[in-house]
Amino acid sequence: MRNETNKRNLFIAIGFGFLFILLPNTGISSESLIINQNFILSLVIYTILSYLALYCYSSNKIAGIVLLISISFISPNLYKNFKGELYPITIVIFASYFGYIFGIRRFKKWKSSL
């Protein structure tokens with residue numbers, strides 16, 4: 001039996017990546033939206049973070065939604081007054097979640113070895 005969940009999550013993550021890039025730029029002229037190296041790099045970063053948030057959403061709904069919302073802090077066009085100041089919040093939220101997952105797995109491994 002084939003696992004289609006990862007492929008579906010990947011396509012949804014790519015869609016979220018495009019959404020996080022294109023939605024803040026709707027008010028800006030289309031000349032500033034050029035497909036170049038920066039666009040591809042942004043798409044890859046947003047896609048990876050969206051994929052991780054969707055993976056989290058499959059196990060914990062609230063944490064997945066918090067991770068998806070925190071991805072929007074990366075875009076400087078959404079929060080013009082806080083340009084470059086909010087992305088550390090995203091990093092801290094993702095690091096906290098993965099630290100929590102790592103801690104739970106280590107605790108289960110420790111508890112089963114007793």
Side-chain angles (χ1 to χ4, degrees):
M1 189 160 110
R2 297 173 58 190
N3 186 358
E4 300 292 330
T5 305
N6 289 334
K7 292 179 184 177
R8 186 182 69 220
N9 285 347
L10 180 63
F11 288 125
I12 293 172
I14 291 171
F16 273 126
F18 277 116
L19 182 79
F20 283 124
I21 291 172
L22 298 177
L23 192 63
N25 293 324
T26 55
I28 301 173
S29 65
S30 62
E31 295 174 359
S32 66
L33 192 64
I34 300 171
I35 297 177
N36 55 12
Q37 186 178 7
N38 293 334
F39 180 83
I40 301 296
L41 183 63
S42 296
L43 181 64
V44 168
I45 290 170
Y46 280 123
T47 301
I48 290 171
L49 291 176
S50 298
Y51 184 79
L52 293 174
L54 288 171
Y55 178 76
C56 171
Y57 184 79
S58 65
S59 63
N60 188 347
K61 306 291 187 221
I62 295 173
I65 290 171
V66 168
L67 288 177
L68 276 173
I69 290 171
S70 74
I71 294 171
S72 70
F73 294 151
I74 295 174
S75 177
N77 293 334
L78 285 177
Y79 308 101
K80 294 186 190 260
N81 294 336
F82 300 105
K83 211 174 249 189
E85 296 176 7
L86 295 177
Y87 76 90
I89 295 172
T90 302
I91 294 170
V92 168
I93 289 173
F94 272 85
S96 298
Y97 175 73
F98 289 116
Y100 169 74
I101 294 299
F102 177 75
I104 293 293
R105 288 186 181 165
R106 293 294 296 172
F107 176 76
K108 286 181 181 178
K109 186 176 180 182
W110 171 76
K111 194 69 172 172
S112 66
S113 69
L114 291 180

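Worth saying up front: this structure is predicted, and the values here are computed from it rather than measured. Position 1 is the first residue of the sequence; numbering continues from there.
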Spacing of [X] atom [atom1] and [Y] atom [atom2] [to the nearest 0.5 Å]:
{"X": "I101", "Y": "Y55", "atom1": "CD1", "atom2": "OH", "result": "8.0 Å"}
{"X": "F11", "Y": "I14", "atom1": "CZ", "atom2": "CD1", "result": "6.0 Å"}
{"X": "S50", "Y": "L19", "atom1": "OG", "atom2": "CG", "result": "8.5 Å"}
{"X": "F107", "Y": "S112", "atom1": "CZ", "atom2": "OG", "result": "10.0 Å"}
{"X": "T47", "Y": "L52", "atom1": "OG1", "atom2": "CG", "result": "11.0 Å"}

message = Can you give me the closest heavy-atom contact between L54 and A13, atom names plus distance?
response = CD1-N, 3.8 Å

request  = List the atom of I93, the atom of S70, and the distance in Å for their closest heavy-atom pair.
outcome  = CD1-CB, 3.6 Å

Do [X] and [Y] have side chains that get closer than 4.5 Å, going by heavy atoms?
{"X": "F16", "Y": "L49", "result": "no"}
{"X": "F39", "Y": "I21", "result": "yes"}
{"X": "I74", "Y": "F20", "result": "no"}

inquiry  = According to a hydrophobic-cluster definition based on side-chain heavy atoms being under 4.5 Å apart (Ile, Leu, Val, Met, Phe, Trp, Tyr only), do Y46 and I69 belong together?
reply    = no

ask   = Are L67 and V92 joined in one hydrophobic group, where the rule is that I, L, V, M, F, W and Y side chains link up if heavy atoms are under 4.5 Å apart?
value = no

Return the set of residues passing ring-ring contact (aromatic ring centres under 6.0 Å, His included) with [X] (not counting sequence neighbours), or none when no residue passes.
{"X": "F73", "value": "Y79"}
{"X": "Y97", "value": "none"}
{"X": "F102", "value": "none"}

ask   = Is I62 atom CD1 crowded by more than 12 heavy atoms from other residues, nucleotides or ligands, each under 6.0 Å away?
value = no

Return the set of residues passing side-chain contact (heavy atoms from CB on, under 4.5 Å) with [X] (not counting sequence neighbours), or none when no residue passes.
{"X": "Y57", "result": "K61, I65"}
{"X": "N38", "result": "N36"}
{"X": "I104", "result": "Y100, K108"}

query = Is a donor on one side and an acceptor on the other found under 3.5 Å between the side chain of S75 and the backbone of S72?
reply = no

